[in-house]
Amino acid sequence: MNNVNKTLYIPLYGKAFVSKKGIILSDPKAEEIWSAEGFKLKGKSRSKWLAYYMGMRSAVFDSWLKEKIGEMNDAVILHIGCGMDSRILRIGETGHLCYDIDFPEVIEERKKYYAESDKYRMLAVDVRSTDFTENIPKCESAIIVMEGASMYLTTEELKSFFESLTSYFSRVHILMDCYSLLAAKMSKFKNPINDVGVSTVYGLDDPRILEENTGIVFIKEHEMTPENLINELSAVEKSIFKKLFAGKFSKKLYKLYEFENN
């Protein structure tokens, strides 16, 4: 795998860590894969505080996805930049057609641990390609989760991705986390992804920039570290975690945005 693809081990470790502790997120598959792969993380990427954050982020995405699934019975679900994530197992059987999408080398690794079915497919494709939807059956509606992936795409690449979605689906709902421009600049010097060799990422300060000529509109910003999840930590840990990941400065660096088509 290249260095960008190796970043998938950081959230995998976080989800395995919190799952093993029995807090925030239940993810036996992450525990299984982490134990089997034995990938060596170092430095900040193996911090328990970051692990808590990764677990919370995934729990928030899961909650949003379950809500949208209940509202959109006929939608196809697209998980962009899925890595080794087991969201398909965590949300359970829904009757929806689900696609986990990532680069070919990631999907090749993923197939060691996941099996396709009538309702679940793995798609090896670069979403920067304008024809990435051609292997997805034509469907009226789509629910898209894009967790930990947008920061590796430029603004223009994100716009192109959104255009591909709106030209293929009549109804689109998207949840996507983003770095701010400041966070992207700081990442060159202080970011856990540096520990796996990644230094170039991109940020976004105004989500409405992505509305330009894409057919997508910004809906709202979501809370990445909700109080109910923070409260699963011990009293001392809650205080430290809030300073590290839930304070005003942290919230300026990392955003969670919801979009839909107009």
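What you see is a predicted model, and the numbers here were worked out from it, not measured in a lab.
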Any ion pair linking Glu140 and Arg171 (charged N to carboxylate O, less than 4.0 Å)?
-> no
Would a distance-only check, ignoring hydrogens and angles, find a side-chain to backbone donor-acceptor pair under 3.5 Å from Lys185 to Gly203?
-> no
Test side chain to side chain contact (heavy atoms under 4.5 Å, CB included) applied to Ile136 and Tyr99, step by step = CA-CA 8 Å; Ile136 300 170; Tyr99 281 85; 4.1 Å; yes
Do any N or O atoms from the side chain of Asp102 and from the backbone of Gly83 form a donor-acceptor pair under 3.5 angstrom?
-> yes
Proximity of Tyr254 and Phe245 rings by center, below 6.0 Å = no
Mind telling me whether Phe17 and Tyr13 have parallel, tilted or perpendicular rings, with 30° and 60° as the class edges?
-> tilted
Just checking, is any N or O donor in the side chain of Thr155 or Glu157 under 3.5 Å from an acceptor N or O on the other one?
-> no
Between Glu227 and Lys238, is the closest basic N to carboxylate O distance under 4.0 Å?
-> no
Got a donor-acceptor contact below 3.5 angstrom from the Asp177 side chain to the Gly148 backbone?
-> yes
Check step by step if side chain to side chain contact (heavy atoms under 4.5 Å, CB included) holds for Glu109 and Lys111.
-> CA-CA 6 Å; Glu109 184 72 11; Lys111 286 184 176 180; over 6 Å; no
Return yes if some donor-acceptor pair links the side-chain N/O of Thr166 with the main-chain N/O of Thr214 below 3.5 Å, else return no.
-> yes
Are Leu8 and Ile88 linked, directly or through other ILVMFWY residues, by side chains that come within less than 4.5 angstrom of each other?
-> yes
Side-chain (Ser35) to main-chain (Glu32) donor-acceptor, under 3.5 angstrom | no
Criterion side chain to side chain contact (heavy atoms under 4.5 Å, CB included) on Val145 and Arg87, from CA distance to verdict = CA-CA 10 Å; Val145 289; Arg87 179 159 289 122; 4.2 Å; yes
With sequence neighbours left out, what residues match Glu258 under salt bridge (Lys or Arg N to Asp or Glu O under 4.0 Å)?
-> Lys68
Does Lys15 use its side chain to pair, donor to acceptor, with the backbone of Gly55 at less than 3.5 Å?
-> no
Side chains of Met176 and Phe162: closer than 4.5 Å at any heavy-atom pair?
-> yes
Do Met151 and Leu181 sit in the same hydrophobic cluster, where Ile, Leu, Val, Met, Phe, Trp and Tyr count as joined when their side-chain heavy atoms come under 4.5 Å apart?
-> no
Under 6.0 Å between ring centres, would you say that holds for Tyr202 and Tyr152?
-> no
Does NZ belonging to Lys66 count more than 12 external heavy atoms closer than 6.0 Å?
-> yes
Pairwise side-chain contact, Leu89 with Tyr114, heavy-atom cut-off 4.5 Å (strictly under) | yes
Tell me yes or no: between the side chains of Ser19 and Glu31, is some donor less than 3.5 Å from an acceptor?
-> yes
With no hydrogens and no angle check, is any side-chain donor or acceptor of Ser141 less than 3.5 Å from a backbone partner on Asp74?
-> no
Apply the test side chain to side chain contact (heavy atoms under 4.5 Å, CB included) to residues Glu147 and Ser58: give CA-CA distance (whole Å), side-chain angles for both, the deciding distance (0.1 Å), then the verdict.
-> CA-CA 8 Å; Glu147 179 184 0; Ser58 287; 2.7 Å; yes
For the residue pair Ser86 and Asp27, confirm or rule out a side-chain donor-acceptor distance under 3.5 Å.
-> yes
Taking the side chain from Arg110 and the backbone from Asp85, do they hold a donor-acceptor pair closer than 3.5 Å?
-> yes
To the nearest 0.5 Å, how far apart are CD1 in Ile144 and CG in Leu78?
-> 5.0 Å
I would like to know whether Glu237 and Tyr52 meet side chain to side chain donor-acceptor pair (under 3.5 Å); could you show each step before the answer?
-> CA-CA 10 Å; Glu237 287 180 328; Tyr52 292 154; 2.8 Å; yes
Transitively linked via ILVMFWY side-chain contacts under 4.5 Å: Phe132 with Leu210?
-> yes
Is the number of heavy atoms from other residues, nucleotides or ligands within 6.0 Å of NZ (Lys138) greater than 12?
-> yes
Using atom types as modelled and distance alone, determine if a side-chain donor or acceptor of Asn261 lies under 3.5 Å from a backbone N or O of Val172.
-> yes
Counting N and O atoms only, with roles assigned by atom type, does the side chain of Ser239 sit under 3.5 Å from a partner on the main chain of Val236, one being a donor and the other an acceptor?
-> no
Among the clusters formed by ILVMFWY side chains lying less than 4.5 Å apart, do Ile10 and Leu25 turn up in the same one?
-> yes
